[in-house]
Amino acid sequence: MLPVSVWEKESFFAPRDFIIVGSGFTGLWSAYYLKKRFPEKSVLILERGIIPSGASSRNAGFACFGSFTELQSDSNTLGESEMLELMEMRFKGLEKIRKKFSHSIIDYENLGGYELISTELFTDINALRTSIDFLNNKLQRITGKQKTFQLNDSKIKSFGLGGSHHLIENKLEAQLHSGKLLEALVQLVNSMGVTILTHVDVKKIEIETKHVRLETNLPITLLAEQVLICTNAFAKSLLPDLDIAPARGQILLTEPIDGLKIKGAFHYDEGFYYFRNLNNRILLGGARNKYIHEEETFSADTSESIQQELEKFLKEIILPGIPYRVSLRWSGIMAVGKEKKPIVSKINDRIFCAVRMSGMGVALAPQLGKQVAGMV
């Protein structure tokens, strides 16, 4: 890179009040709330890629807060109160997105959410109804609905789904265009005076007496009063003590399918499989639980083993007897840990972080951005 000029040094690379590392959903929402709280302060976002290169632009575009079996599993592992707290954060985050952006700008479609549940998991349909009623009672305070989830097996045939399953419907869930939501957020924070620099890879952060020093791939050191780390799975390179591990989520997209019956956002196997329509195409992701250790990787490649599992599910469950062709395959790197709850933390007086979204960054980011911006 060329040596820095005085003009660059005193503008693009000038010391800032706040530097945010990572321009994904969490970084952008954090910038938004920082400028809302401190409109006179300077905010700079640093992004390693040309565009966000973790999971924000490489996910499935679900506007969801958790399937029935996922919330059941969370209640068993986290405890009921923590499950409800986490679900409420997701629910409120999605509310914020709906209120802040026109649905047409981000391709927000409220087509409902569904979960396929194997009849082997619930052999007694009355026991399933009882479990749904129990969870609905807990969620009513958050969603305002008596029946957040309801059994609707009659729709299985209309969707053309294969296999022996029950179908749980959730009319509050939706889908959106992740890329367009990111673009809308970028335009929003730019209008508030936030600067975003791309192709900047932060290598090291050092605290000094009056500021934080950031060493990057640039030929100049960047300085800030305070720094927010919002790089999710990649945060461990800067904050090695965090309980974070990468989790690759692989996806495939079909070419257009004439007469496609699938409409909505679907879950299966505690959310480890997920699919939706993208107009008249099927977008399918997941199967990470089949090769859980192999998918703990930062590699953004796709693997033959996972893609084969996805195509098997596509043929047997989603499109039984219907020919298709795959047009795209990709992956995004999520962050997981020993706990599912996100990490929103004050590391010290100058460094803060909001990371470990566990695959729910779209919904969680508005709330976590607000939370971490309130800590500085």
Side-chain angles (χ1 to χ4, degrees), residues 1-54 56 186 189-190 192-244 246 298 333 335 342-356 365 368-376:
M1 187 172 176
L2 295 172
V4 173
S5 74
V6 64
W7 318 122
E8 294 165 337
K9 182 178 180 181
E10 295 180 357
S11 57
F12 294 100
F13 305 138
R16 308 291 171 130
D17 295 306
F18 302 106
I19 287 181
I20 298 171
V21 185
S23 72
F25 288 127
T26 308
L28 291 168
W29 280 110
S30 297
Y32 169 76
Y33 282 110
L34 281 175
K35 290 298 285 186
K36 289 271 287 184
R37 187 178 176 202
F38 306 108
E40 76 288 353
K41 301 273 189 181
S42 58
V43 179
L44 171 66
I45 302 178
L46 303 178
E47 170 56 45
R48 182 186 59 172
I50 301 174
I51 58 175
S53 48
S56 292
V186 167
V189 299
N190 281 341
M192 300 171 79
V194 174
T195 301
I196 301 175
L197 297 181
T198 61
H199 275 175
V200 181
D201 190 4
V202 179
K203 307 289 188 182
K204 189 177 181 181
I205 297 176
E206 293 183 338
I207 299 177
E208 300 192 349
T209 306
K210 296 183 178 180
H211 51 245
V212 181
R213 177 184 295 270
L214 293 89
E215 301 293 342
T216 72
N217 55 326
L218 300 173
I220 185 171
T221 297
L222 300 177
L223 302 177
E225 290 294 316
Q226 293 178 305
V227 172
L228 280 64
I229 308 298
C230 300
T231 51
N232 208 26
F234 302 89
K236 204 172 180 71
S237 65
L238 298 174
L239 301 171
D241 293 334
L242 292 180
D243 170 28
I244 290 181
F298 288 107
I333 309 302
I343 300 173
V344 183
S345 177
K346 175 182 179 180
I347 307 301
N348 52 54
D349 288 341
R350 295 194 181 273
I351 299 176
F352 305 80
C353 73
V355 295
R356 201 174 67 187
L368 301 187
K370 184 177 183 179
Q371 189 175 339
V372 74
M375 289 181 171
V376 301

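Computed over heavy atoms, backbone and side chain alike; hydrogens, waters and symmetry mates excluded. No experiment lies behind these values; they were computed from the predicted model shown. Along the sequence shown, the residues carry numbers beginning at 1.
Residue N348 qualifies as enclosed at atom CG: its count of foreign heavy atoms under 6.0 Å is above 12.
Across every non-hydrogen atom of P219 and V4, the tightest pair is CG-CG2, 3.8 Å. Across all their heavy atoms, T198 and I50 have their closest contact at CG2-O, 3.3 Å. Smallest separation of non-hydrogen atoms from C353 and L239: CB-CD1, 3.8 Å. Closest approach of L197 and F12 over heavy atoms only: CD1-O, 3.8 Å. Taking all atoms of both residues into account, the shortest heavy-atom contact from A31 to I45 is CB-CD1, 3.7 Å. Nearest heavy atom pair, residue F352 against residue M375, reads CE2-O, 3.7 Å.
Between the CG atom in L46 and the CD1 atom in I19 there is a gap of 5.5 Å [rounded to 0.5 Å]. For the atom pair OG (S345) and CG (L242), the distance works out to 7.5 Å, reported to the nearest 0.5 Å. We find the CG-CG distance between D243 and D241 to be 11.0 Å, quoted to the nearest 0.5 Å. Put simply, CD1 on I220 and NZ on K9 are 6.0 Å apart, with the number rounded to the nearest 0.5 Å. Distance check: L368 CG to I343 CD1 gives 11.0 Å after rounding to the nearest 0.5 Å.
A donor-acceptor pair under 3.5 Å is formed between the side chain of S56 and the backbone N or O of F25.
Side-chain contact check for R16 versus T195: some heavy-atom pair is nearer than 4.5 Å.
Residue pairs meeting the side-chain hydrogen bond (donor to acceptor under 3.5 Å, both in side chains) criterion with at least one member in residues 28-40, sequence neighbours excluded, are Y32-K100. Residue pairs that meet the salt bridge (Lys or Arg N to Asp or Glu O under 4.0 Å) test with at least one member in residues 219-232, sequence neighbours left out, are E225-R350.
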Residues 227-235, side-chain donor-acceptor partners within the protein, below 3.5 Å, at least two apart:
| residue | atom | partner | partner atom | Å |
| --- | --- | --- | --- | --- |
| T231 | OG1 | A235 | N | 3.3 |
| N232 | OD1 | R356 | N | 2.8 |
| N232 | OD1 | M357 | N | 3.1 |

Show me the side-chain donor-acceptor pairs of residues 209-218 shorter than 3.5 Å, one per line, residues at least two apart or across chains.
| residue | atom | partner | partner atom | Å |
| --- | --- | --- | --- | --- |
| H211 | NE2 | E208 | OE1 | 3.0 |
| R213 | NE | E208 | OE2 | 2.6 |
| R213 | NH2 | E208 | OE1 | 3.4 |
| R213 | NH2 | E208 | OE2 | 3.4 |
| E215 | OE1 | T221 | OG1 | 3.4 |
| E215 | OE2 | T221 | OG1 | 3.4 |
| T216 | OG1 | L218 | N | 2.9 |
| N217 | OD1 | D201 | N | 2.8 |
| N217 | ND2 | H199 | O | 3.0 |

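When the salt bridge (Lys or Arg N to Asp or Glu O under 4.0 Å) test is applied to K204, the partners found at least two apart in sequence or on another chain are E206. For E10, the side chain to side chain contact (heavy atoms under 4.5 Å, CB included) partners are V6, not counting sequence neighbours.
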- Message: Set out, in order, the CA-CA distance, both residues' side-chain angles and the distance that settles side-chain contact (heavy atoms from CB on, under 4.5 Å) for T26 and V355, then state yes or no.
- Response: CA-CA 8 Å; T26 308; V355 295; over 6 Å; no

- List the steps, then state whether side-chain contact (heavy atoms from CB on, under 4.5 Å) holds for I20 with V194. CA-CA 10 Å; I20 298 171; V194 174; over 6 Å; no

- Query: Stepwise, does the side-chain contact (heavy atoms from CB on, under 4.5 Å) test hold for D17 with F38?
  - Reply: CA-CA 10 Å; D17 295 306; F38 306 108; over 6 Å; no

